[in-house]
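Note sheet for the following structure.
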Amino acid sequence: MIKEIFTGNILTKFMALVMAVALWLYAINRQTEDLTEVVKLNVSVPEGITVLEQSTEEITVHLRGPQSIIESVEGMIKDRKIQALYVVKESPKGIEDQVKQTVPIAREHLNLPNAVKLISVYPNKFDILLGKLQMKKLKVNLQKKGEPAIGYVIANEFIFPGEVEVMGSLNTLKEASFINTIPVDIGGITDEQNRTFPW
């Protein structure tokens, strides 16, 4: 009797199993969705290093996952809560002036929920040019526009502060010896005047 329960109508039971598996796969596929979105790409650098060039600031990701989670991820991307981040691990001591890197983009760079699969990313790599930062004191150079009134000349210039300390990439500041102010309008002045200008 028990043997008949397990061996009887084998074909019918096999067909029922196939239909059950097919129904399960159908249900799974209905609950799975794909999403293609543009995500911001950020680069984090340690103190003493700056990013001089970055080949792209956005990437396009193709994601797949459960419908409810994908809908949540879509909203998080639009709110900039999901972004790509690459952390530069180089030390300023290891960079003489500039260094170029080509970085492959992987899932580890995206703060995605575990249930979401990264199908593809474009571009799948990006280039960055890193520069070493330095401090340097530069003389302030007053830029003028216009001419004093007829019969008057600029007899003396007093600038305070006369020099400023700036931070920039080693390559940029290598040959810099001064920094310009924005142009100060001296057109038509007729007597001694102090002009204040913003940096």
For residues [X] and [Y], report the shortest heavy-atom separation together with the two atoms involved.
X      : Y      : value
Lys117 : Arg107 : CA-NH1, 4.0 Å
Ala115 : Pro66  : O-CD, 3.5 Å
Ile82  : Pro113 : CD1-CD, 4.4 Å
Ser91  : Ile49  : C-CD1, 4.0 Å
Ala176 : Lys136 : O-NZ, 2.7 Å
Gln54  : Ile128 : CG-CG2, 3.9 Å

Let me check something: do [X] and [Y] share a hydrophobic cluster, defined by ILVMFWY side-chain heavy atoms less than 4.5 Å apart, either directly or through other members?
X      : Y      : value
Val73  : Leu118 : yes
Met135 : Val166 : no
Leu52  : Val88  : no
Ile159 : Val164 : yes
Leu129 : Leu173 : no

Backbone of [Y] reached by a side-chain donor or acceptor of [X] within 3.5 Å:
X      : Y      : answer
Ser55  : Asp127 : yes
Asn141 : Thr181 : no
Gln101 : Val103 : no
Glu71  : Ser68  : no
Thr50  : Leu133 : no
Asp185 : Gly187 : yes

Step through the shown structure and confirm whether more than 12 heavy atoms of other residues, nucleotides or ligands are within 6.0 Å of [atom1] on [X].
X      : atom1 : result
Leu17  : CG    : yes
Asn114 : CG    : no
Glu47  : CD    : no

Query raised in the report: Charged N to carboxylate O under 4.0 angstrom, Lys100 versus Glu53?
Result: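 Looking at Glu53 together with Lys100, the answer is no, because their closest N to O distance does not fall below 4.0 Å.
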Query - Pairing of Asp34 and Arg64 as salt bridge, 4.0 angstrom limit - result: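 Looking at Arg64 together with Asp34, the answer is yes, because their closest N to O distance falls below 4.0 Å.
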Query - Evaluation steps, side chain to side chain contact (heavy atoms under 4.5 Å, CB included), between His109 and Leu85 - result: CA-CA 5 Å; His109 299 124; Leu85 174 65; 5.9 Å; no
Query raised in the report: Can you check side chain to side chain contact (heavy atoms under 4.5 Å, CB included) on Phe160 and Val140, steps first, answer last?
Result: CA-CA 9 Å; Phe160 181 81; Val140 177; over 6 Å; no
Can you tell me how far apart [atom1] ([X]) and [atom2] ([Y]) are? Round to the nearest 0.5 Å.
X      : Y      : atom1 : atom2 : value
Glu57  : Phe126 : CD    : CZ    : 10.5 Å
Thr56  : Lys125 : OG1   : NZ    : 14.0 Å
Ser120 : Ile105 : OG    : CD1   : 11.5 Å
Lys81  : Ser72  : NZ    : OG    : 9.0 Å
Lys132 : Ser169 : NZ    : OG    : 12.5 Å

Report task. Test Leu112 against every option in Leu63, Val39, Ile77 by the side-chain contact (heavy atoms from CB on, under 4.5 Å) rule and name the one that passes. Result ->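 Testing Leu112 for a side-chain contact (heavy atoms from CB on, under 4.5 Å) against Leu63, Val39, Ile77 leaves exactly one candidate, Leu63.
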Query - Residue among Glu74, Met76, His62 satisfying side-chain contact (heavy atoms from CB on, under 4.5 Å) with Glu37 - result: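 Only match with Glu37 under side-chain contact (heavy atoms from CB on, under 4.5 Å): Glu74.
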**Report entry** Trace of the side chain to side chain contact (heavy atoms under 4.5 Å, CB included) decision for Glu58 with Leu41
**Finding:** CA-CA 5 Å; Glu58 292 181 334; Leu41 174 61; 5.9 Å; no
